[in-house]
Amino acid sequence: MAREWTNFFAFFCKLTVQSLILCAVTCGNSFVTDSILTPQTPAPADYYQNNFCSVFEFVLGRFKGIASDQLTKDLKSYLDASGDSQRLFARLLTRKGPTFLISSLAYAEIAELDVAIEELSALDLLQYSPGVPADQILAVLTKAQLIDYFSVPSALTKSSKVAIIEHLLSHNSDLQICHRCQQRTRWLTITAPDHWRLVNFLYFGNSGQDWSTFVRRDLGLLAYETVALQSQQFATRQILDAYLEEKEYANLIYRLDEFPNLAEPLLAVLVGDHQTAGLLGQRQRLRQRSLLRLAKWAEREKRLDYALVAYACVDTPPARERRVRILTKANNIHEANRLLAEIEQSPRSATERLFAERFGKRGGGYQPPTTTIEIDETPESVEDYVLLELIQDGGWGVHSENLMLKTLTGLIYWPICFAPIPGAFTNPFQSGPQDLYAADFFTHRKEAIEDLEASLSLEADFFAHITQIANAKRGIANRLVSWGLLESIPVDEWLSAIPFAQLQQLSQFLIRNLTEYRRGFPDLFICYATGAVEFVEVKGPSDQLQPQQRAWFEEFNRMEVPARVVKLQLTK
DNA sequence: TCTGCATAAG
DNA sequence: TTCACACAGTCTT
DNA sequence: GACTGTGTGTCTCTTATGCAGAAT
Ligand SMILES: [Mn+2]
Ligand SMILES: [Mn+2]
């Protein structure tokens, strides 16, 4: 599952020649003043319970009849259970599990632990000291307990815990181990951990967020934009099941090194139906990514015809590029040239076009302005080294890569990003629309974007808009906006450094091309003492421009935005 | 006895 | 078990 | 210079704590 994380509290150094201001953004300064939670202070007794009740009501309301009936039953069981039981199970869900020693359950908000355990067992949400895979129970015991409970050869007692566990596992059956543990201690095991993982997924709409999301919000670390949820993911059981199946395949592809024999059946399944084109959005994206990964794996394993078949089913880059390379290697120049022509005719991305233009042509294509600096040894951070070199005579700069333009663009187009268009907002705690990085993000918002841009065509309005959004939305999660960056370099400072026309051009371009151009932006932003600004990509002695970085430099050239590459070269 | 790591917690 | 970037090794020109 | 494979940082936030393993 894709994890798009805004770099919320990264460290930024705004470097000036006079001083080096370390702007480590500490999270002591929270954005919201009165919070439900305080660190190191007990949460309200019903805090976790309430959170899970609302989560389960949400999931039940949406996915009853869509998710499996067993899952629905579990959710209902929880909601009907007693307060103590709800509070206990809520705690367990925030912990690692799925097995917990009873001795590790000490919660002030639970009056009668035994009764709660009894009830949750009767509901089959958890089990009391059940037989579990032996490694699971052994893992929660301490080394001392292992030695106490089992007859460990004295030679082994001084070796690592892992070694002891391995010894026990190879000399005893799971049943024997559990039996022995049952004589000495008691534990709980969550009956169906996969149910709760699915609930997590259905609630947030992705598996990248977890229950600590509530805590961070309630500590006041960040807030979430309020957007009405207009539609839901997975409208039918069939769509959900199909997606979950697709995810299973994806997980297997990650483990091909372990199970190479699965390559063949997986390829058959994924290309077999040839329904790839007919698949729906989310599943379709996953299918393409799986096929790309499978093809890449085959390529590494030198199973080139396999790779070709898999790549041929994918229409997103770098599928065609890989095919050209494989065909060329196999001396099938004809086919390679045919594909190259196809790419040149209708490239699907800037990097794909650049590939076709430059393939087989050393030093071909646009060459960005480059400055070479001689150095005796490679500094620890090449970016910081070049930054300091460039502001010798005053000015300031920052190593912020993609964050800088993404952040300012995110502020400018804030109302667009959170516009309630169908399918964009489906779940609580979203930090952006579902299709933010989808190819048709712009198309679906064309009119609104152009209207906004028309209303901001004057410099004063443009800057006032950005300032207003930055103040009004401070601390609200937005996938494009890094509040940490704005903490170290306030929006005013950015706006007085960057010329209006430049920021206008760059942000208009980025919002139209987020899929490709969210990456590859140069390392440094420099504001010289003269007031001139420049974007600088630093290249160490063993580094060179990546394709997407090259694509950005083409755009800088077209937009007449000052930018260059600074290359470090070791003196011999 | 010290130190780094995993886990829990808010 | 993700992504974006840098680095290092190998081959080519 | 081009290409490929691999490493690294991010544990979305910080702190407390107990354990494991190493140092003394
Ligand atoms: Mn960089
Ligand atoms: Mn760089």
Checklist line | DNA chain D contacts among residues 42-51 of chain A, heavy-atom distance under 4.0 Å | finding: none

Item checked: Sugar-phosphate or base contact per nucleotide [nucleotides 8-13 of chain C; S, B, -; heavy atom under 4.0 Å] -> B---BS

Notebook entry, point to check: Quick one: is A:R91 getting a side-chain N or O under 4.0 Å of the B:dT7 phosphate, OP1 or OP2?
Noted result: no

Margin query: Near DNA chain D, counting only heavy atoms under 4.0 Å, which residues of residues 96-110 of chain A show up?
Written below: none

Notebook entry, point to check: Roughly, in whole Å, what's the span from CD in A:Q546 to P in C:dA4?
Noted result: 11 Å

Margin query: Whether A:E555 and A:R550 form a salt bridge (side-chain N of Lys/Arg under 4.0 Å from carboxylate O of Asp/Glu) is what I want to check.
Written below: no

Notebook entry, point to check: Is any side-chain N or O of A:N402 closer than 4.0 Å to OP1 or OP2 of C:dC5?
Noted result: yes

Check: Which is true for A:D523 with a 4.0 Å heavy-atom rule: it touches a base, it touches only sugar-phosphate, or it touches nothing?
Finding: sugar-phosphate

Check: Say you pick atom C1' in B:dT7 and the same atom in D:dC11; how far apart are they, in whole Å?
Finding: 12 Å

Note to self: Looking at A:R216, I'd like to know whether one of its side-chain N or O atoms comes within less than 4.0 Å of OP1 or OP2 on D:dT14.
What the structure shows: no

Next item on the list: Report the distance from atom CD of A:Q209 to atom P of D:dC11, rounded to the nearest whole Å.
Entry: 16 Å

Note to self: Using whole Å, what does the distance between atom C1' of nucleotide B:dA8 and atom CZ of A:F214 come to?
What the structure shows: 18 Å

Item checked: Side chains of A:R217 and A:T213, donor plus acceptor under 3.5 Å -> no

Check: Between A:E299 and A:Y311, do the side chains contain an N or O donor and an N or O acceptor separated by less than 3.5 Å?
Finding: yes

Margin query: By the 4.0 Å heavy-atom rule, please label A:Q549 as base, sugar-phosphate, or nothing.
Written below: sugar-phosphate

Notebook entry, point to check: Are any of the side-chain nitrogens in A:K473 or A:E225 under 4.0 Å away from the carboxylate oxygens of its partner?
Noted result: yes

Next item on the list: Using the P atom on both, measure C:dT1 against D:dT14 and round to a whole Å.
Entry: 23 Å

Note to self: Filter on salt bridge (Lys or Arg N to Asp or Glu O under 4.0 Å), then keep only pairs touching residues 86-102 of chain A, sequence neighbours left out; what's left?
What the structure shows: A:D84-A:R87, A:R91-A:E109

Item checked: Rounded interatomic separation in angstrom, taking CG from A:D210 and C1' from D:dT12 -> 9 Å

Next item on the list: Can you see which heavy atom on A:F441 is nearest to which on A:C417, and at what distance?
Entry: CZ-SG, 4.4 Å

Note to self: Could you tell me how far B:dC5 sits from D:dT10 if I compare only their P atoms? Round to whole Å.
What the structure shows: 15 Å

Notebook entry, point to check: Just checking, is any N or O donor in the side chain of A:K539 or A:Q569 under 3.5 Å from an acceptor N or O on the other one?
Noted result: no

Using a cutoff of under 3.5 Å, can you pull out all pairs of nitrogen or oxygen atoms linking the protein to nucleotides 16-20 of chain D, with atom names and distances?
unit_1, atom_1, unit_2, atom_2, d
D:dA20, OP1, A:K143, N, 2.6

Check: Which parts of residues 293-302 of chain A get close to DNA chain D, meaning a heavy atom less than 4.0 angstrom away?
Finding: A:K296, A:R300

Check: When the ring centroid of A:F509 is compared with that of A:F556, is the distance short of 6.0 Å?
Finding: no

Check: When you check the phosphate oxygens OP1 and OP2 of C:dC5, does a side-chain N or O of A:R518 lie under 4.0 Å from one of them?
Finding: no

Notebook entry, point to check: Would a 4.5 Å heavy-atom cut-off, applied to side chains only, mark A:F535 and A:R564 as touching?
Noted result: no

Next item on the list: Rounded to the nearest angstrom, tell me the gap between atom CD in A:E516 and atom P in C:dA4.
Entry: 12 Å

Item checked: Salt-bridge contact A:K161-A:E166 (side-chain N to carboxylate O under 4.0 Å) -> no

Checklist line | Distance-only polar pair, side chains of A:S431 and A:N478, donor-acceptor under 3.5 Å | finding: no

Notebook entry, point to check: Under the ring pair (Phe, Tyr, Trp, His ring centres under 6.0 Å) criterion, do A:W211 and A:F204 qualify, and how do the steps go?
Noted result: CA-CA 9 Å; A:W211 307 123; A:F204 290 108; 5.5 Å; yes

Next item on the list: Would you check if there is a donor-acceptor pair between the side chains of A:T571 and A:E374 at a distance under 3.5 Å?
Entry: no

Check: Quick one: A:L545 CG to C:dC5 P, roughly how many Å, whole number?
Finding: 12 Å

Next item on the list: Assign A:Q367 to base, sugar-phosphate, or nothing according to its heavy-atom contacts below 4.0 angstrom with the strands shown.
Entry: nothing

Notebook entry, point to check: Between A:D257 and A:W297, do the side chains contain an N or O donor and an N or O acceptor separated by less than 3.5 Å?
Noted result: yes

Notebook entry, point to check: Under a 4.0 Å N-O cut-off, is there an ion pair linking A:R323 with A:E321?
Noted result: no

Note to self: When you compare the side chains of A:Y517 and A:N402, does any donor N or O come within less than 3.5 Å of an acceptor on the partner?
What the structure shows: no

Margin query: Could you tell me how far apart A:E537 (CD) and C:dC7 (P) are, to the nearest whole angstrom?
Written below: 10 Å

Item checked: Sidechain N-carboxylate O distance under 4.0 Å for A:D148, A:R184 -> yes

Notebook entry, point to check: Once you round it to whole Å, what is the distance between P of C:dT1 and CD of A:E248?
Noted result: 12 Å

